[in-house]
Structure formats: C-alpha cells, structure tokens
Amino acid sequence: MLDIVYIRNNPEEAAAKLAKRGLSVDFSEFLEKDSARRALMHTTENLKAERNKKSALIPKLKKEGQDTASLLDELKTLSNTIHSNDESIDEMQKEQEVFLGGLPNLPADDVVAGGKEANEVVKTFGEQRTFDFEPKHHVDLLTSTGMIDYERGAKLSGSGYWLYTGMGARLEWALINYFVDAHLADGYEMVMPPYLLNYEAGYAAGQFPKFLEDIFEIRSNDDNFRFLLPTAETALVNFRRDEIMAEADLPHKLFAYTACFRREAGSHGANERGMIRGHQFNKVEMFQFAKPEDSENALDELVQKACALVEGLGLHYQLVKLAAGDIGAAMKKTYDIEIWIPSMGGYKEVSSVSNAGAYQARRGNIRFRRDEDGRIEFCHTLNGSGLATSRVLPAIAEQNQQADGSIIVPEVLRPYMGGIELIRPL
RNA sequence: GGAGAAGUACUCAAGUGGUGAAGAGGACGGUUUGCUAAACCGUUAGUGGGGGCAACUCCAGCGAGGGUUCAAAUCCCUCCUUCUCCGCCA
C-alpha cells in the first residue's frame with residue numbers, strides 16, 4: 001500500500017516512479033474523489049458533534065419534565081442524514097482502498113526503468129565449467145543416482161510433483177541444515193510458521209487480491225478461506241501484523257524453513273524439465289523488520305548472506321539487480337541470485353532478496369515507536385531466500401557431475417551427510 | 001465433533017441504555033530523602049481519521065462486522081478468538 005499523504009502531495013512524482021514499471025497511472029480522478037470524501041467527512045463529523053450535544057440534553061429535559069418530542073424529531077432527521085452520509089463515505093473509502101491496494105510499490109530511485117532485458121549483472125562468482133565429457137541433464141543425473149523419483153511423484157500427486165529419495169533426500173536435508181546453521185550463526189531467530197494462512201495474511205504480504213490464482217486454496221470444515229503459503233515470507237511478514245514494536249526491537253531478524261506451494265499454472269516447456277518449477281519446493285527464507293533509515297544496509301546484509309551461502313557450496317552464479325518492471329509488486333528494490341544450470345545453458349533464480357520499504361508494513365499495520373519522541377512509524381520489511389534448496393540441488397548435480405554420472409557432494413554439506421563425499425549412480 | 005463460559009488500557013478489573021468509560025496494580029514524572037525503601041501528589045483508554053499556520057479542536061474506537069435507538073461497552077444478529085469439561089487424536 002502506498003502512502004496516501006505522499007500521493008496527495010506528489011502525484012506527478014508517484015506517477016513517474018510507477019512509469020518505470022511500465023504502468024501509466026493518472027491520479028487526478030483519485031485526488032478529486034479524495035478531497036470530496038474528506039469534505040463530506042468534515043460536514044458529517046460536524047453533524048455528529050451537534051447530535052452528541054443535543055442528545056445529551058434529553059435526559060436533562062426529561063428530568064425537568066419538559067416535552068422532548070420536537071427535539072427528538074429534529075434528532076431523528078439529523079441521524080438519518082448522518083447515516084446516509086456515513087454510507088457514502090464508506091463506499092468512497094472502499095473504492096479508494098481498492099485503487100490504492102491495487103497499486104504496486106514505487107521502485108527505489110537507483111532502480112532502472114524497463115523489464116527483464118534491463119536487468120543488470122552486478123557480480124559473478126566462479127565460472128562456467130568446461131566439461132571434457134558430454135554433461136548430463138539433472139533429471140538424468142538425479143534419476144540414475146536414485147535421488148529423485150519423478151514417476152512416483154506423478155503417481156502420488158500428478159505432474160509437477162516429485163519425491164526426494166535416498167541420497168537426494170539426504171542432500172536436500174543437508175542443504176536445509178547448512179542454511180539453518182548459517183542463519184543461526186548470524187544471530188537470526190528461527191521460526192516455524194503454520195503452512196496454512198488466512199486471507200489477511202496474504203493481503204498484508206501484497207499477494208492478494210491480485211495473485212489469488214497463483215496459490216492453493218484450502219477450504220476446511222469451518223469454511224474459512226485459507227491458503228498454502230507460496231513462500232515463508234508470507235508468514236513472516238505477518239509475524240508482526242497489527243503490532244507496535246519498541247524501537248529497541250528493531251531490527252528483528254528471523255528466518256524460517258518451509259515447504260512452499262505454488263500453482264504454476266500452464267506448461268513451461270522442455271527447457272524447464274525437472275525440478276526448476278514444481279508445485280511444492282523447499283526454501284529457507286530470511287526476513288527483517290527494520291527501521292526505515294536502516295533498510296538499505298539491511299538489504300545489503302541479506303544479499304551478502306545469500307551470496308555467501310552459494311559461495312560456500314562452491315557453485316557458479318551471478319548476482320542480478322532487477323529493473324523496475326521485473327520487481328515483484330510489493331517490492332521497491334530486488335536482487336536475484338541466479339545459479340548456473342549447464343543443461344539450460346543459462347542461469348536460474350535460487351534467491352530473490354528484496355526491500356519492500358513500508359509497502360507491506362502499511363498493508364499489515366506493522367509499526368514501531370521512536371524512543372526519542374514516542375512517535376509511531378511504519379517499519380520497513382525485507383526478505384530474501386536463503387536459499388531455495390530445491391533449485392540448488394539441480395545446480396549441484398549438474399555443476400558437480402563427473403563423467404561416470406556421479407556427483408561430488410560440496411564440502412560444507414558433508415558433515416550433514418555422515419561424511420559422504422560422492423554420490424554414485426545406482 | 002458435543003456442551004458451557006468469557007473477550008473493556010501494559011496487567012487485573014467495575015460498568016446492562018443517557019454529558020467526561022470506575023478502581024487497583026504496574027509504568028512514568030514530581031515532592032520528601034545522605035542512599036535505598038516507604039509515604040504522598042500527579043500522569044498514563046492505546047490508536048486511527050477529519051479541520052486548523054498554530055495553540056487547539058472535532059469524529060470514530062470497549063474482540064470484528066451488521067442491526068435497533070434521538071442516544072449502545074450495555075439490547076438483538078452473524079462471525080472471530082481464548083478458556084473449561086467431554087469425545088477423538090500425533
């Protein structure tokens with residue numbers, strides 16, 4: 001949610017920033033309705049003040065035995081006017097919320113305009129390995145080593161699902177443990193949230209109402225709307241929803257491992273064969289509630305942490321700063337870590353690290369109180385995958401494969417796998 | 001799943017139709033004090049919104065949303081949450 005006061009005062013600037021996303025928004029009609037709404041509020045509140053005063057007279061008059069009939073008549077009319085005014089105001093407010101709630105965040109000043117094509121690689125780690133044999137696709141590698149079972153995944157749940165089996169399950173679990181330990185070492189608080197969330201949670205995160213069709217909806221017996229979280233971010237933002245924190249509580253750094261569920265409707269073709277896009281995947285998510293003046297540094301910290309995790313695995317990746325049009329609706333600035341997948345001849349996202357500014361905080365009413373003067377302010381929220389394990393596994397398989405189809409286990413993971421160094425085909 | 005009870009401030013809690021929503025604890029400030037403690041005095045219904053250059057002022061707000069009424073914490077309806085008992089259960 002954007003700040004309505006900011007829009008009132010800087011409509012052209014807001015429109016210019018949204019234009020960087022390729023959106024053209026004209027605020028003039030919105031602003032006209034806004035001032036009409038406020039004018040109506042003003043008159044209606046004055047009527048209410050009058051009603052309150054005159055109502056208070058009634059018990060007095062009754063006590064004195066005076067006739068109140070004409071005053072009651074007057075108040076009846078007054079109340080009717082107030083009631084119908086309130087209804088109009090309500091309607092105007094709802095309309096305004098729909099409009100404002102549908103607008104994405106303003107991209108940060110240092111984010112360039114344009115779509116994917118304007119993304120910029122800001123860092124590269126390692127390099128593309130040259131193979132002295134014909135490298136295999138991760139589906140073949142993971143199947144022949146018995147790490148992933150696609151056929152049974154389809155049998156159990158349909159297309160887009162798989163099972164981690166044998167060494168695959170152990171490697172996936174080792175990745176999760178490696179990430180968890182790294183975040184704990186950095187002083188982040190570990191959280192295990194529910195996987196089913198309510199509508200308000202999705203709204204605060206900025207996923208609803210726009211992206212309702214991307215999630216799995218669950219109807220429980222009580223008939224209340226719930227959905228399977230598409231990322232732990234959705235749960236973690238809501239950790240502090242409708243709360244006022246003390247300034248000393250910030251930054252609040254936390255992380256969670258969860259499975260993530262997405263519909264991913266439609267086919268993405270042979271290029272994404274395998275585990276690049278499933279309906280269920282594993283991810284460890286980092287999150288921060290931060291003071292506005294600290295959020296830029298917090299973003300750097302999260303990017304740093306995500307990079308360090310991939311580097312610890314010794315995998316080749318590139319860090320990409322996204323252009324405005326490629327940034328998620330709730331975010332003002334995003335860096336993606338893209339890992340090299342040889343079989344695709346390209347790079348695939350394993351982490352997306354973003355600063356949402358006050359956008360989510362405003363939707364979720366997440367605030368803190370300044371020590372200095374007791375003023376209450378929206379905090380900033382930041383999130384980043386650290387990392388999406390289910391996409392790291394294919395990268396390990398492909399980047400670390402050997403001519404005989406075996407896969408070298410990254411050193412940092414070996415302690416989590418009983419010292420196993422090499423996974424061989426069955 | 002069945003039955004019952006309850007939701008008012010940081011906490012406990014009074015308030016069943018009529019201007020300012022008791023009281024206590026806590027917290028904060030002050031007086032007294034060599035220090036601590038104690039006593040006494042004071043402040044503390046968050047918050048959101050409207051108007052005003054401003055001092056200030058008005059409106060909403062008693063779990064949420066509707067309704068009745070000139071007037072709702074209070075009466076009615078729907079929902080949410082928590083607790084107790086029973087059943088089921090990793």
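Chain letters run A, B, ... following the sequence lines, proteins first and then strands; every chain starts at 1.
Of the C1' atoms belonging to B/C79 and B/A6, the separation is 16 Å, rounded to the nearest Å. Taking the P atoms as reference points, B/U74 lies 23 Å from B/G4, given to the whole Å. Distance noted for atom C1' between B/U68 and B/C10: 36 Å (whole Å). Across B/G46 and B/A21, the matching P atoms stand 10 Å from one another, rounded to whole Å. Atom P of B/G63 sits at a distance of 13 Å from the matching atom of B/U11, rounded to the whole Å. When the P atom is compared between B/A38 and B/A27, the two are found 10 Å apart, to the nearest whole Å. Taking atom C1' in both B/A22 and B/C75, the straight-line distance is 22 Å, to the nearest Å. Using P as the reference atom, B/C58 and B/C77 are 36 Å apart when rounded to the nearest Å.
Nucleic acid contact for A/R362: none, since no nucleic acid atom lies under 4.0 Å from a heavy atom of the residue. Across all strands, A/N52 comes closer than 4.0 Å only to sugar-phosphate atoms, never to a base (heavy-atom distances).
Closest to the A/A56 side chain, of the nucleotides B/G48, B/G50, B/U19, is B/U19. The side chain of A/I376 sits closest to B/U47 out of B/A71, B/C58, B/U47. With B/A71, B/G48, B/G49 as the candidates, the nucleotide lying closest to the side chain of A/R367 is B/G48. Minimum atom distance to the side chain of A/A49 is reached by B/C59, of the listed B/G50, B/C70, B/C59. With B/G46, B/C70, B/G18 as the candidates, the nucleotide lying closest to the side chain of A/P59 is B/G18. When distances run from any side-chain atom of A/E45 to the nucleotides B/U47, B/C70, B/C58, the shortest one goes to B/C58.
Residues A/R369 and A/R51 each lie close to RNA chain B; by heavy-atom proximity, the contact nearer the 5' end of the strand is made by A/R369. In terms of position along RNA chain B, the nucleotide closest to A/N365 lies nearer the 5' end than the nucleotide closest to the other residue of the pair A/L71 and A/N365.
Across all strands shown, B/A72 remains unpaired; no Watson-Crick or G-U wobble contact has both distances below 3.5 Å. B/G26 is paired with B/U44 under the Watson-Crick or G-U wobble criterion, all donor-acceptor distances under 3.5 Å. With both pairing distances under 3.5 Å, B/G87 is matched to nothing as a Watson-Crick or G-U wobble pair. Across all strands shown, B/A6 pairs with B/U81; the Watson-Crick or G-U wobble distances both stay below 3.5 Å. The nucleotide B/U31 finds its pairing partner in B/A39, both defining distances of the Watson-Crick or G-U wobble pair being shorter than 3.5 Å.
Between A/Y161 and A/H279, the ring planes lie tilted relative to each other; the angle falls in the 30° to 60° range. A/F225 and A/F227 have tilted rings, their planes meeting at an angle from 30° to 60° on a 0 to 90° scale. Between A/F261 and A/F216, the angle of the ring planes goes over 60°, which puts this pair in the perpendicular group of the 30/60° scheme. Using the six-membered ring where Trp is involved, A/F27 and A/F99 have ring planes that are perpendicular, over 60° apart on the 30 and 60° scheme.
Summarising the geometry, the separation between CE on A/M41 and P on B/G48 is reported as 14 Å, rounded to the nearest angstrom. The CG atom of A/D90 sits 12 Å away from the C1' atom of B/A60 (whole-angstrom rounding). Whole-Å rounding puts the A/I82 CD1 to B/U68 P distance at 15 Å. Rounded to whole angstrom, the span from the CG atom of A/D371 across to the C1' atom of B/C28 amounts to 14 Å. The separation between A/K60 atom NZ and B/A71 atom P is 19 Å, rounded to whole Å. Atoms CG (A/L61) and P (B/U19) sit 14 Å apart, rounded to a whole Å. In this structure, the NZ atom of A/K48 is 10 Å from the P atom of B/C59, given to the nearest Å. Counting to the nearest Å, the C1' atom of B/G48 and the CZ atom of A/R375 are 15 Å from each other.
Note on A/E50 versus A/K54: salt bridge recorded, some NZ/NE/NH1/NH2 to OD/OE distance being below 4.0 Å. Using a 4.0 Å cut-off between charged nitrogen and carboxylate oxygen, A/E377 and A/R370 count as a salt-bridge pair. Ion pairing between A/E29 and A/K33 holds under the 4.0 Å rule for side-chain N and carboxylate O. A salt bridge links A/E296 with A/K333: the distance from a Lys NZ or Arg NE/NH1/NH2 to an Asp or Glu carboxylate oxygen falls below 4.0 Å.
Look at A/T44 and you won't find any side-chain N or O under 4.0 angstrom from OP1 or OP2 of B/C59.
For the pair A/D300/A/V303, no side-chain contact is recorded, criterion being any heavy-atom separation below 4.5 Å from C-beta on.
Contacts with RNA chain B (heavy atom under 4.0 Å) in residues 31-39 of chain A: A/R38, listed by number.
Relative to the ring axis of A/F281, A/R391 does not place its NZ or CZ within 45° and under 6.0 Å from the centre.
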